[in-house]
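To start, the structure under review is shown below, and the notes come after it.
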Protein chains: 2
Amino acid sequence: MGGTPPDFESLLLLTLVAELGSLGQAAERMGISQPAASKRLAMLERRLRLALVDRGSRGSALTTEGKAVCQWSERVLAEVGSLMAGVAALRADQDDDLRVASSMTLAEHFLPHWIGALRQRSPDVRVSLRVTNSEQAAAMATRGEIGMGFIEAPAVPPGLSSRQVGADRLVVVVAPNHPWARRRLPVEPDELARTPLIVREPGSGTRETLERILTGIDVEPARPLMVLDANAAIRAAVVAGVGPAVLSVITVREELTEGRLLEVPVAGVDLHRRLRAVWPKGRRLTGSAEELLSIASRRRRMGATSVRES
Amino acid sequence: MGGTPPDFESLLLLTLVAELGSLGQAAERMGISQPAASKRLAMLERRLRLALVDRGSRGSALTTEGKAVCQWSERVLAEVGSLMAGVAALRADQDDDLRVASSMTLAEHFLPHWIGALRQRSPDVRVSLRVTNSEQAAAMATRGEIGMGFIEAPAVPPGLSSRQVGADRLVVVVAPNHPWARRRLPVEPDELARTPLIVREPGSGTRETLERILTGIDVEPARPLMVLDANAAIRAAVVAGVGPAVLSVITVREELTEGRLLEVPVAGVDLHRRLRAVWPKGRRLTGSAEELLSIASRRRRMGATSVRES
DNA sequence: TGAGGTAATAACCTGCAGTTATGGGTGGGA
DNA sequence: TCCCACCCATAACTGCAGGTTATTACCTCA
């Protein structure tokens, strides 16, 4: 029905045609011949069953549909670019200028963009990225093994300087067929504490934050229902109906908006938390570390103002 | 250096391996043979120069790097899914259940996701999408040609019911080398009105909003510096240093965070505006229109709370 | 009218991605 | 203990997508 998705090169070609106004120039920019570009674009139009470009003898312009597809393609290509930036950073070579470690939540949603932005500004800076959890990242920063860490722990570990680079909120989520989905009243903290949950491994910032919240209650917390070492795996388990979990809202945004997961309100506790960049206290930040920090901080301001209500 | 980007199928395969824990099962899910999946994954690892999965004789699990790449892949695939949903909706067949028209800004950033979410819930609903500008979309709704329109005009046109589905803000943007980039004081509205700007064509919601703001000032507005019919084209022109423009913050978020564009503060005027769904007044919404509206409204709530500061 | 730009077509070549067939390895159940 | 079930990798073959060069057709402008 929908047909096979197009490949990246075709999408890139489309955006280049939009930018340059000519198939031949777009081909040259991509390092392929003009007939190859022509065939590719024809193929793309056939696959999508849409007329994307108006070919005139004085250049080519996108149709209305072409413009829309082009805009959407740019979003895809931006994600691909982030992925490639992240991949490049994961390939930890020995001769890197800046070593970074990050918790999973931050690595999943922010670091590739930040690293990509840094690479775009200073293309010859080599950044390496290690993905662990908040505890490990903080420890590596304390030991000076890395130039900067990104964590979501509730408190800044001693011996580290920090700066906030964002904020998020924990949410209790359940599958739509879970009993809690039909509750009218919010869940009380002690009830949450007594309920077996799907959680991350100890040391994860998400789990630490959760436990810190629940220790305020004088109730023996229930043993975990299941322990998984990846947010995505927990998400899948909750969707599959295994049980409730507490996750960052950023990791389940898509599922919430599409109704695959439901948020259960919790009474009386503040589940907001800060995302922080940390580095060894007293150490002067290098140029690239400074730059990465400024990118991360700026992103925070933008994200907050971009989609605010009313 | 970075190498060629991988194809969608390989990324999808990786996510399926993560989900199913087995290469063979992932292959089956994709409708290919097990050796094909094995080769694909080996190819992917070679291309990225990363070990992504640990192959055991009792199944396969992702490595740490594999998990990170998998998470980033899911983001890419989500965008691809939106693109394909949008493409399917652009292919306006005759036998569609719900016709939608949308302004460019909304079509670029929101509608594919909403339509994709709708398709995911009700797979057999056929939605068609027409991308125009706010004026045209409102007119089509008034004439009853479409079931629902999405506009960002400052006021709701008469004869239409409406519901807010989001909000954004206009920003004055310039290239980093523009004189305004070094201003200390905000631009006054009358100065903005006297300055030739790069703008959209008349009828665009962005332009209408801008003109409504500037008509409050008793200054003869300057003639446009350039008129372009796509936000992306204006963005490119501003980046290239042609001159200042006023755009939705959502269309230039990436450029702002990466420093390719700078926001110039404006004194004394409120540049926030509402994004609205509209439909013919008095008409009862069909089931799919109702569903789309609820998806759009829910997304608004989520977007606002997901990345709020402190 | 010719020159310089546009894009499409034809004929050919390469190689990637798919297939089936096969073999090595490990763990659980009879 | 042994065998079977399931995991994955390799080998040999095939087809087609995607590239190339060479050529043609078209429009516009000087």
Side-chain angles (χ1 to χ4, degrees), chain A residues 2-63 65-67 69-70 73 77 80, chain B residues 2-63 65-66 69-70 73 77 80 84:
Chain A
T4 52
D7 52 317
F8 298 113
E9 284 80 8
S10 301
L11 300 183
L12 176 59
L13 177 63
L14 183 66
T15 65
L16 287 176
V17 170
E19 183 186 340
L20 301 172
S22 147
L23 254 170
Q25 288 178 43
E28 189 186 16
R29 184 75 74 89
M30 286 188 68
I32 63 177
S33 68
Q34 174 266 321
S38 175
K39 238 186 350 178
R40 262 214 125 101
L41 202 54
M43 184 70 159
L44 180 64
E45 290 183 301
R46 220 187 50 200
R47 280 231 273 253
L48 302 185
R49 286 187 290 160
L50 280 176
L52 298 175
V53 314
D54 278 329
R55 282 91 159 162
S57 65
R58 196 68 197 144
S60 298
L62 299 200
T63 63
E65 290 80 17
K67 283 177 201 160
V69 174
C70 177
S73 297
L77 293 171
V80 172
Chain B
T4 51
D7 51 317
F8 297 115
E9 283 81 8
S10 301
L11 301 183
L12 177 59
L13 177 63
L14 182 67
T15 64
L16 287 176
V17 170
E19 183 186 340
L20 302 172
S22 147
L23 254 169
Q25 288 179 42
E28 188 185 16
R29 184 75 73 90
M30 287 187 68
I32 62 177
S33 68
Q34 174 267 320
S38 176
K39 239 185 353 178
R40 262 213 124 99
L41 202 53
M43 183 69 159
L44 180 63
E45 290 183 301
R46 220 186 51 200
R47 279 231 273 255
L48 302 185
R49 286 187 291 160
L50 280 176
L52 299 176
V53 315
D54 278 328
R55 281 92 160 161
S57 66
R58 198 66 197 148
S60 299
L62 299 200
T63 63
E65 290 79 15
V69 174
C70 177
S73 297
L77 293 171
V80 172
M84 293 309 287

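Chain letters run A, B, ... following the sequence lines, proteins first, then strands; residues in each count from 1. Bear in mind the structure is a predicted one, so any value in this text is a computation, not a measurement.
- Listed by first and then second residue, the ring pair (Phe, Tyr, Trp, His ring centres under 6.0 Å) pairs that reach into residues 4-41 of chain B are A:F8-B:F8, sequence neighbours excluded.
- Taking A:S10 as the reference, A:D7, A:R40 meet the side chain to side chain donor-acceptor pair (under 3.5 Å) condition, with sequence neighbours excluded.
- In this structure, the salt bridge (charged side-chain N to carboxylate O under 4.0 Å, His left out) partners of A:E45, at least two apart in sequence or on a different chain, are A:R55.
- Bracketed by its first and final contacts, the part of DNA chain C lying under 4.0 Å from non-hydrogen atoms of chain B reaches from C:dA17 to C:dT26 in 5' to 3' order.
- Within residues 18-26 of chain B, the residues having any heavy atom under 4.0 Å from DNA chain D are, by residue number, B:S22, B:L23, B:G24, B:Q25.
- In this structure B:M43 satisfies the side-chain contact (heavy atoms from CB on, under 4.5 Å) test together with B:R46, B:R47, sequence neighbours excluded.
- In this structure, the side chains of B:L14 and B:L62 come closer than 4.5 Å at one or more pairs of heavy atoms.
- Each side chain to side chain donor-acceptor pair (under 3.5 Å) pair with one or both residues in residues 14-37 of chain B, not counting sequence neighbours, would appear here, but there are none.
- Separation of atoms OG (A:S73) and CG (A:L44) is listed at 7.5 Å; rounding is to 0.5 Å.
- A:T63 meets the side-chain contact (heavy atoms from CB on, under 4.5 Å) test with A:D54, A:E65; sequence neighbours excluded.
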**OP:** Let me have a per-nucleotide readout for nucleotides 11-30 of chain D, 5' to 3', with B, S or -, counting only protein heavy atoms under 4.0 Å.
**Re:** -------BBBBB----S---
For nucleotides 2-4 of chain D, print each protein N/O atom paired with a nucleotide N/O atom at under 3.5 Å, atom names and distance only.
none

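- With values rounded to the nearest 0.5 angstrom, A:L41 atom CG is found 11.0 Å from A:L16 atom CG.
- For A:A37, the side-chain contact (heavy atoms from CB on, under 4.5 Å) criterion is met by A:L13, A:L23, A:A27, A:I32, not counting sequence neighbours.
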